[in-house]
Amino acid sequence: MNGEGNGPENIVLVGFMGSGKSTVGRELHHRLGYPWVDMDHEIERRVGKSVAAIFAQEGEDFFRKKETELLQELAEHREAHHIISTGGGVVMREENRALLKRIGFVVWLDAPFEIIHERTARNRDRPLLRTENPAALIRTMLETREPCYHAASHMKIETAGLDSTEIATGIIESARYFFTRRA
Ligand code: S3P
């Protein structure tokens with residue numbers, strides 16, 4: 001991808017917790033050489049606390065404001081190529097959904113409940129899933145959020161059965177097509 005013209009050729013990954021946004025983001029960063037922004041990490045760096053500590057001490061609203069602020073900055077950065085891995089809840093605000101599409105080509109990494117459940121059970125970093133019955137909560141959240149991922153994205157990839165290299169290849173090809181058509 002070498003499009004100089006029409007807007008930033010950023011690739012933005014959205015999807016539920018555990019859908020592979022960070023892993024695939026890192027893979028795209030290595031393959032394309034574009035700087036990679038992992039929004040959770042960037043917010044942690046700016047606030048000086050982990051996402052879990054931000055939720056516990058400042059509250060979820062504070063975190064959501066930080067997400068929107070960061071998206072606004074990324075939307076204003078008109079020239080750069082970036083790979084952006086978002087947090088799973090970023091699509092919940094309508095304002096964010098509009099910003100995401102201004103930032104670049106938005107890809108929804110979709111994974112089935114079983115995979116999400118298995119991956120998120122492996123670590124306790126996610127404050128929203130620190131509950132007695134994470135499985136039930138995941139099911140409800142997947143259902144509530146699905147229309148938001150749909151509305152926020154240009155393309156969906158069903159990731160089950162694909163590894164991160166295959167997913168990245170699909171994204172690179174589709175992004176090339178997207179940016180060429182848009183130019
Ligand atoms: C959240 C997802 C997390 C993180 C925060 C809230 C969510 O990011 O932003 O814990 O609301 O789904 P990952 O999707 O990278 O786990």
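Whatever order the structure lists ligands and atoms in, that order sets their numbers, starting from 1.
Each of Met17, Lys21, Asp40, Val51, Phe55, Phe63, Arg64, Gly87, Gly88, Gly89, Arg126, Pro127, Leu128, Arg145 has a non-hydrogen atom positioned under 4.0 Å from some atom of ligand 1.
Partners of Arg64 by side chain to side chain donor-acceptor pair (under 3.5 Å), not counting sequence neighbours, listed by chain and number: Glu60, Glu67. The ring pair (Phe, Tyr, Trp, His ring centres under 6.0 Å) search around Tyr149 returns Trp108, not counting sequence neighbours. Residues that satisfy the side chain to side chain donor-acceptor pair (under 3.5 Å) test with Glu166, not counting sequence neighbours, are absent from this structure.
A donor-acceptor contact closer than 3.5 angstrom links the side chains of Thr68 and Asn96. Between the side chains of Arg26 and Ser164, no donor-acceptor pair is found at a separation under 3.5 Å.
In this pair, Trp36 and His41 present their aromatic rings perpendicular. The plane angle is above 60°, beyond the 30 to 60° band.
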